[in-house]
Every structure is written in structure tokens, then in C-alpha cells.
Amino acid sequence: MPELPEVETYVRELAPVLSGRQVIGAQVLWPRTIAAPAPANFVAQIRGQRFHSFGRRGKYMLLGLESGLTLIVHLRMTGHLLLMPPGAAPDKHMHVVMALDDGRNLVFQDTRKFGRLWLVSELGPVLDHLGPEPLDGSFMLDDFVQRLAGRKAAVKALLLDQTIVAGVGNIYADEALFAAGIHPTRSGGSLSRAEAARLQQAIQNVLAAGIARAGSSLGGSALQNYVRPGGEQGEFQAEHNVFQRTGKPCPTCATPVERIVLAQRGTHFCPHCQR
DNA sequence: ATAAGGCCCTGACCGC
DNA sequence: TGCGGTCAGGGCCTTA
């Protein structure tokens with residue numbers, strides 16, 4: 001599933017190939033994909049726009065256009081933003097097709113239809129709810145400690161809350177808790193300052209490592225899982241210590257990795273190393 | 001304010 | 001082989 005490292009990989013790989021390209025037309029095949037504006041207005045407004053700048057906030061991709069509008073893309077579970085050569089075969093999961101001036105198509109494809117696109121002049125309404133960005137120096141220990149203080153919810157659930165820290169999803173939450181040696185069911189408020197500091201550092205480390213390996217592609221078909229804009233897989237799954245490794249030995253102590261359900265999410269951890 | 005649960009979706013997988 | 005049921009899950013919404 002696309003989290004911060006996967007979205008960052010998208011931005012880095014799309015920037016050099018999309019920069020300066022113009023959208024000459026667009027089709028919306030599943031209207032609910034367009035969060036704003038109304039789909040007909042989205043089609044009218046994106047026509048003629050030229051890609052100009054590339055950024056990311058949490059799990060949101062920010063594709064800046066020359067006019068000042070921004071195309072915001074959230075891939076959610078199974079979304080892909082693919083750059084397809086001329087004449088590539090369409091499939092039923094392609095919900096938005098943007099024709100580019102070089103003959104290629106920029107296609108939003110999403111099996112489960114949870115992903116969303118916005119075309120907006122102001123980012124605030126879409127992004128303002130997000131907590132600090134974990135890798136740009138705005139993720140401060142004092143603030144993190146304060147956000148966890150008094151919280152009874154499991155620390156794993158709090159890591160998935162995008163208002164506490166932006167961009168962490170199920171994979172990197174489990175991996176960060178493992179790296180910090182913290183049990184996922186611990187309440188947020190029960191963490192000492194030293195534990196919060198370890199967790200903060202672990203979040204930054206696993207996200208940076210994920211980016212360095214172009215994200216995590218898990219088993220299954222390309223339709224279901226993260227692949228890069230050109231269709232290639234990421235490589236960070238080879239470095240997962242606990243995520244989707246139920247029953248396999250913990251790399252540190254060889255205790256079998258356990259799986260529980262927490263906040264409606266599969267949660268993987270080492271019962272010996274994480275306390 | 002916080003926590004918990006439902007909802008959106010559909011392919012993969014399981015048991016019969 | 002075919003079929004029905006269950007599962008996965010990010011963010012948003014409702015409820016308590």
C-alpha cells in the first residue's frame with residue numbers, strides 16, 4: 001500500500017518525465033475518483049495545463065501546474081498513477097485518463113476505487129489537517145511527546161492518525177515500532193520520553209530506508225499492489241523485519257513474529273523484542 | 001476531545 | 001468447476 005516512501009518515489013520518478021508536459025485532454029471514467037471540483041469542471045480546467053512543479057505532503061502527491069492550480073493525488077490502497085505509452089491497452093480499473101502532448105497518457109488506475117484526485121488553487125482545505133512532515137525537520141520531539149501524552153489509544157493506532165505525524169501507514173508503523181522495541185498495543189500516553197524519542201527516530205529511519213529502496217511492493221498482482229509509475233516494483237519489502245512475516249523468526253531473537261488486529265489493521269510484531 | 005466502528009470497493013482466497 | 005462468504009485497509013463519517 002502506498003505510504004510516504006511510495007508516494008515520494010512516485011514524485012521523484014514522475015518529475016523528470018512530466019515536467020513541461022501539457023495535458024491536452026482528460027476523461028473521467030469513475031466520477032467519484034474526483035474529489036474536487038465536479039468531474040466536468042475537472043476535465044475543463046485541466047485541459048491545456050502544463051506540469052511545472054512536483055512535491056509531496058504526507059501521502060498526498062502534489063503536481064503543480066503552470067497556471068498555479070495543483071493536481072493533488074492520493075493513491076489510498078490500490079491506486080496507481082501510471083505513465084502509459086501511446087496505444088497501451090485500456091483496462092477497467094483506469095478511472096481517469098489524461099492525454100499528454102507527447103502522445104502518452106497519465107492514467108489514474110485503482111482497483112478498489114478508494115483513491116482520490118483534486119484540482120485546486122488552494123492546498124489548505126485538503127492538507128491542513130495533517131500533522132508534521134516526518135523527514136523535513138518539522139517533526140519535533142517535544143511536539144510528538146505532547147501529542148501522545150494522555151492518549152489511551154494504542155500507539156500503533158496513533159501512528160496511523162495523520163494528524164499526529166503525516167505519511168505513516170500500516171507497513172511503516174509496524175516496522176518503526178519494531179525498530180524502537182515498542183509493543184504496538186501500548187497506549188500512547190504510556191510511552192516515556194526516551195521511548196518516544198526512539199520511536200521518532202525509528203519512524204524517520206524506516207521512512208528514509210523505504211525511500212532509498214523505492215518503496216515496498218508486496219506479493220500479488222500489480223493491480224492490487226504498489227508499483228512505480230513505469231510499472232516496476234519497489235525493493236523495501238526485502239528489508240521488512242515484521243510486516244507480513246507472521247510466524248517467521250524475528251531477525252533479532254528468532255521468536256516467531258505475531259499478528260494481531262489493532263484498530264482494524266493487521267499488526268505484526270515480535271513479542272520478545274517489543275515491550 | 002477521544003475512541004470505536006461502519007463504510008466505500010473488488011480481487012484473492014478458502015471451503016464445500 | 002463453481003459458488004458463496006470472508007478478508008484486506010486509508011481516510012472520512014457517525015455514534016457514544
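Worth saying up front: this structure is predicted, and the values here are computed from it rather than measured. So that the names make sense, note that chain A is the first sequence line, chain B the second, and so on, each numbered from 1. In what follows, every heavy atom counts, from backbone to side chain, and hydrogens, waters and symmetry copies are set aside.
Checking the phosphate oxygens (OP1, OP2) of C:dG9, no side-chain nitrogen or oxygen of A:Lys59 falls inside 4.0 Å. Between A:His93 and B:dT10 there is no side-chain N or O to OP1 or OP2 distance below 4.0 Å.
In this structure, A:Gly266 reaches the sugar-phosphate backbone alone: every heavy-atom distance under 4.0 Å involves primed, P, OP1 or OP2 atoms, never a base. Counting non-hydrogen atoms under 4.0 angstrom, A:Asp110 reaches nothing in the nucleic acid. A:Arg259 comes within 4.0 angstrom of sugar-phosphate atoms only, judged by non-hydrogen atoms across all strands, and of no base.
The CD atom of A:Gln146 sits 15 Å away from the P atom of B:dA1 (whole-angstrom rounding). Atoms CE (A:Met94) and C1' (B:dT10) sit 17 Å apart, rounded to a whole Å. For the pair A:Met77 CE and C:dC12 P, the computed distance is 15 Å after rounding to whole Å. Residue A:Leu4 contributes atom CG, which lies 14 Å from atom C1' of C:dG10 at whole-angstrom precision. A:Leu262 has its CG atom 12 Å from the P atom of C:dG9, to the nearest Å. Atom P of nucleotide C:dG9 and atom CD of A:Gln162 are separated by 15 Å, given to the nearest angstrom. Atom CD of A:Gln109 and atom P of B:dT10 are 14 Å apart (whole Å). Atom pair A:Leu148:CG and B:dA1:P shows a separation of 18 Å (rounding to whole Å applied).
A:Glu258 and A:Thr246 are not linked by any side-chain donor-acceptor pair at a separation below 3.5 angstrom, with hydrogens and angles left out of the test. Remark: the A:Lys152 side chain and the A:Ser187 side chain contain no N/O donor-acceptor pair separated by less than 3.5 Å. If you check the side chains of A:Tyr172 and A:Glu6, you find a donor sitting under 3.5 Å from an acceptor. With 3.5 Å as the limit, one finds no donor-acceptor pair spanning the side chains of A:His93 and A:Gln109.
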Note to self: Please determine whether salt bridge (Lys or Arg N to Asp or Glu O under 4.0 Å) holds for the pair A:Arg57 and A:Glu133, giving the CA-CA distance in whole Å, both sets of side-chain angles, and the decisive distance to 0.1 Å.
What the structure shows: CA-CA 7 Å; A:Arg57 176 78 170 95; A:Glu133 190 62 32; 2.8 Å; yes
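Comparing the axis of the opening five pairs of the helix from B:dT2-C:dA16 to B:dC16-C:dG2 with that of the closing five pairs yields an angle of 50°, rounded to 10°.
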Polar atoms only, N or O, under 3.5 Å: list the protein pairs with nucleotides 5-9 of chain B and their distances.
from: B:dC9; atom 1: OP1; to: A:Arg32; atom 2: NE; distance (Å): 3.0
from: B:dC9; atom 1: OP1; to: A:Arg32; atom 2: NH1; distance (Å): 2.8

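Using a distance-only test at 3.5 Å, with no hydrogens or angles considered, no donor-acceptor pair links the side chain of A:Gln49 to the main chain of A:Gln22. Remark: the backbone N or O of A:Val242 is not paired with any side-chain donor or acceptor of A:His240 at under 3.5 angstrom.
Here the side chains of A:Asp142 and A:Arg193 are in contact, with some heavy-atom distance below 4.5 Å.
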Show which side-chain atoms of residues 29-40 of chain A pair as donor or acceptor with protein atoms under 3.5 Å away, not counting sequence neighbours.
from: A:Thr33; atom 1: OG1; to: A:Trp30; atom 2: O; distance (Å): 3.1

